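Just so it is clear, the model here is predicted, and its values are computed rather than measured. All chains are named by letter (A, B, ...) in the order of the sequence lines, taking the proteins before the strands, and each is independently numbered beginning at 1.
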Amino acid sequence: MNKQIISMSMIIVVFVSLCSQPSEASRRGADISEAMRESIVYLETSFYGYEQSEPWKHKDLTGNWACGCAVGKYEVITTAWSVANLAYLKALRYGQNEFVGAKIKVVDYESNLCLIELDSKAMSKPLKPLKFNEDYRKGAEVDFYWLSSDNRIYNGRGYIDRALVRKTNTSYERRLHYLAGNTSQRTGAGQVYCVDSKPIGIASQANNRDESSLVPAETINSFLAAAAKDDYEGFGSVGFSVSELLDPSMRSFLKMPANLKTGAYVDDVYNLGTGSDVLKKADVILSINGIALNSYGQFIHPKYELLDFQHLITSKTVGEKIVLELWRDGERIEVQCKVKNFQASEMLVPYHDYDQQPEYIITGGFILQKLTRGYLAEWGDDWQGKVSPQLYNYYRELSFKPTADRSDIVILSYVLPMNINLGYSNLGQMVVKKYNGMTIGSISDILAAQKLNPESKYDVIEFEMDQPVVVIPREQLPAADMFVRRNYGIQKLSNVNL
Amino acid sequence: MYFQKFVFVTAVMVLMFTCNLYASQNNEQQQFEKSVILIRSVHQDFDYVTPWKQKAMNQSIGSGFIIEGNRILTNAHNVSNIRYLELTKQNVAKRYPARVAFVGHDCDLATVTPEDTSFFDDTIALEIAGIPRVNSTVSTYGFPMGGNRISVTEGVVSRVETDTYVHSGADGHLVIQTDASINPGNSGGPVIQDGKVVGVAFQGLRMAENIGYMIPTTVIKHFLDDIEDGKYDAFGSLGVLMYPGLHSESYRDYLQVPAQEEGMIVISTMMHSSVETILQPNDVITRIDEYNIDNDGQVQIYGLRLDMSEVVETKHIGQTAEISFYRGGKLMRKTAKVALNRPILEQARQYDKPPRYVCFAGLTFVPLTRNYLETWGRDWQSKIPHYLRYLFINSIQLNTDRERKEYVVLAEILPDEVNSYAADFRSQPLESINGNRIWSLDDVDKAFKQTVESFYSIQFLGNNRMLPIDAEKARLRHPLILNKYNVPAESRLEEEL
């Protein structure tokens with residue numbers, strides 16, 4: 001009798017559980033591969049960029065691919081990473097044999113997004129634009145789609161693990177991302193992620209733990225709205241850094257009342273970006289636009305839960321007003337500022353210089369160039385521990401602090417050995433202090449300095465940190481430059497953006 | 001046919017000569033063998049992060065040899081951080097406890113003395129000769145790889161040059177390269193030519209086969225002269241950084257140095273060095289004493305072309321050198337004193353000195369030294385935190401404070417409620433405490449001994465954040481922390497032996 005009851009109970013439990021489980025299709029939304037045929041394209045890309053240590057040279061041409069998602073009849077969006085240092089771009093539409101021409105319309109490396117315009121005349125028919133849905137559901141099942149080079153729509157699966165603010169892989173900037181976990185494929189090339197058949201973001205980066213970062217719908221929609229205007233201004237950049245303020249002694253030292261438990265400590269203020277004009281070191285940011293920050297510099301977002309404060313600035317468009325509530329010098333105050341951003345090229349040591357030839361001047365075989373993160377990264381893995389600590393210190397401590405007097409760090413990177421520089425050929429990684437007596441604050445200063453002291457027989461370069469003086473005989477320079485062209489095959493002896 | 005005969009005759013002659021030579025060499029070798037000593041030692045290194053502790057003990061075997069004055073010469077690395085030392089002669093079972101008499105870590109040499117002077121019975125002191133010629137044959141005596149029997153290996157002198165002594169990791173002196181095998185245990189053994197010592201075997205080259213190095217007798221004699229007064233002062237320098245820039249005719253012309261002159265360009269002088277007030281950047285040193293300096297900074301000395309530092313190496317601290325140099329086209333001559341001239345952040349490894357420290361409220365401060373940085377293990381130079389690396393490589397340029405004696409770093413935090421939030425500041429160099437600049441470990445001690453009412457505010461170099469320590473709580477917790485973590489004393493400010 002008991003056995004019968006148990007058996008019946010089990011049958012009922014199994015039946016109920018079968019009934020309560022949604023079907024595969026309803027659980028993750030229908031397979032929309034077919035619909036995606038009209039909305040995603042295959043992008044074939046060729047890159048070269050420049051050799052940072054030999055800035056007159058392109059790198060070897062390499063190829064890659066990315067997924068483009070239609071946001072207009074002839075416009076697709078992909079990640080900026082997919083088009084960085086682009087040499088050539090073409091697109092393939094589903095069902096069309098021929099590649100179509102494509103060009104970049106707007107690229108924003110800080111948002112890691114790029115809007116691409118396709119050659120409408122070459123398209124067999126227009127694309128069907130997709131709308132990105134900003135609804136966010138933590139734990140939701142996701143499907144992702146891309147078109148391959150053999151004109152097939154592929155898809156994969158995963159789930160939304162969380163929303164977080166993390167560094168974009170194209171920039172110094174920390175931006176909102178979704179993190180998709182347990183993904184069935186590594187995705188980082190613009191694949192379109194959907195929840196319930198609605199696009200929610202594009203893949204920007206993958207790791208080897210089956211996780212992918214997505215540029216979320218919110219960022220994409222803001223980018224598209226800004227790109228629709230004639231003059232793309234981009235989004236806010238943070239002009240300061242904060243650290244956690246957990247230590248009760250530190251709070252007491254700052255004369256914060258015992259009942260004031262919130263706020264993050266401003267440990268550095270830059271010369272660029274939002275807040276750089278109103279904040280001071282040792283300020284405590286209590287809230288941004290009325291949204292309270294905790295001691296880690298995080299806030300509760302109504303949709304994404306706990307996020308780092310940067311989102312409160314980087315999600316704003318340039319010119320918007322920001323109100324910062326601060327604890328400063330033992331008092332609670334409020335300051336206002338406008339959202340600002342900046343180009344990487346404005347940094348003292350630019351974080352990136354995509355699509356641009358590095359700035360340099362070769363004179364007498366001495367290669368003078370602008371210090372960039374790209375140059376330092378040439379030292380390979382763990383470059384931070386390999387490069388000259390002086391150069392690394394400029395990057396680490398002063399990247400965001402250009403001044404009116406110093407907008408670049410100019411270095412002597414290498415010497416092309418030749419008669420004119422006999423005895424100097426082992427020099428390198430030295431920071432230029434003066435050129436013909438003129439203090440050097442930018443690479444373009446070198447051009448001005450070369451015209452100084454016209455009566456002098458020499459150009460004289462002085463360096464920081466106890467280094468020898470470089471003395472270049474001016475009358476030998478024309479022949480030396482010719483030698484550089486002939487012997488080293490360098491035709492362009494300078495590249496300076498004036 | 002004629003050629004074959006000649007070869008034969010030559011072979012017989014060589015054989016006869018070799019037999020006689022072998023007999024005499026055999027006697028000579030037996031004499032040497034009585035003078036070559038096996039040194040067994042027990043070492044215990046210091047812990048530079050928790051400086052009141054010591055590392056595990058380890059035993060090693062090295063070689064040494066008897067020199068005049070009933071002394072035994074060996075390598076400093078055989079007797080550094082020593083806990084126990086004993087000597088053994090070949091074919092004698094007795095072991096002789098011994099002590100270190102003098103040690104020069106910068107030149108990797110030491111003398112040891114057996115407690116029982118009968119040790120020297122039936123031994124002879126080896127004579128010290130000069131620098132052997134390149135391509136001449138030398139014999140290395142010692143106890144490689146821990147054997148009890150003396151090993152003798154022959155090799156050829158292949159090079160004489162200035163190089164870094166691995167024991168200190170920073171000091172450079174003359175070395176002689178030979179292809180005689182020098183293996184662990186050989187260290188400290190004599191290298192013999194024509195019956196006299198021409199070097200002390202001391203280091204090898206890991207990546208190359210059969211390349212060994214010996215300390216030449218110029219360095220040995222300097223060491224032995226130095227200890228004549230009962231203490232070792234070490235090698236000195238002039239404290240000047242130079243660049244071989246006169247290869248550039250333009251640089252020469254710019255500095256107004258006559259065409260026929262050769263020399264080295266002064267880039268900078270070390271703070272507190274004797275030349276600080278004598279030389280300036282862009283001076284060109286052409287001569288030191290009677291030695292002309294060439295454009296590579298080499299002089300002709302001992303019949304060899306060697307680095308000009310070799311002239312300074314012949315002198316002891318406090319002695320002087322005459323320097324001739326051009327400044328603005330004028331030839332000048334000045335007298336410079338040889339001094340220790342060590343950089344603010346010592347580049348050389350330290351031995352035999354218990355690390356100094358101050359431990360307050362669980363925060364343990366030590367001087368920033370190579371020994372501390374080497375606790376990061378292999379590849380420490382690329383693994384250490386950025387600012388420490390910056391200071392280690394550029395301390396001479398970065399330090400503009402004449403009062404500074406050393407850099408001090410927060411090496412360890414003994415966890416306690418008073419320092420719960422200090423972890424981010426570990427391994428960072430100190431800038432100030434309560435606004436008082438920190439020039440030495442003594443300043444740290446003084447700063448924490450000052451009674452302050454609210455906080456000890458600690459600033460670090462290269463860090464915008466400040467570490468506040470609740471002063472009252474720190475005073476209360478301090479003895480409890482010392483007790484809890486078995487710290488024997490809150491500070492050690494002297495380098496006692």
Quick one: donor-acceptor pairs under 3.5 angstrom, chain B versus chain A?
unit_1, atom_1, unit_2, atom_2, d
B/Tyr243, OH, A/Gly423, O, 2.8
B/Tyr243, OH, A/Asn426, OD1, 3.0
B/Tyr251, OH, A/Val469, N, 2.9
B/Asp253, OD2, A/Lys457, NZ, 2.7
B/Asp253, OD2, A/Tyr458, OH, 2.2
B/Ser268, OG, A/Asp466, OD2, 3.2
B/His386, NE2, A/Asn393, OD1, 2.6
B/Arg389, NE, A/Gly385, O, 3.3
B/Arg389, NH1, A/Gln384, O, 3.4
B/Arg389, NH1, A/Val387, O, 3.0
B/Arg389, NH2, A/Gly385, O, 3.1
B/Arg389, NH2, A/Val387, O, 2.6
B/Gln397, NE2, A/Asp466, OD2, 3.4
B/Asn464, OD1, A/Lys281, NZ, 3.3
B/Asn464, ND2, A/Asp267, O, 3.0
B/Arg465, NE, A/Ser243, OG, 3.3

Considering only heavy atoms, which portion of [X] lies under 4.5 Å from any heavy atom of chain A: side chain, backbone, both, or neither?
X        : answer
B/Met242 : neither
B/Leu398 : side chain
B/Leu241 : side chain

message: Quick check on the interface: out of A/Pro248, A/Ala282, A/Gly385, who has the most heavy-atom pairs with chain B under 4.5 Å?
response: A/Gly385
statement: Scored by heavy-atom pairs under 4.5 Å with chain A, the best of B/Pro244, B/Gly462, B/Pro468, B/Pro281 is B/Pro468
field: Structural part of A/Val460 lying under 4.5 Å from a heavy atom of chain B
entry: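 Side chain of A/Val460 only, per the 4.5 Å heavy-atom cut-off to chain B.
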- request: With a 4.5 angstrom heavy-atom cut-off, could you sort out which part of A/Leu427 is near chain B: side chain, backbone, both or neither?
  value: side chain
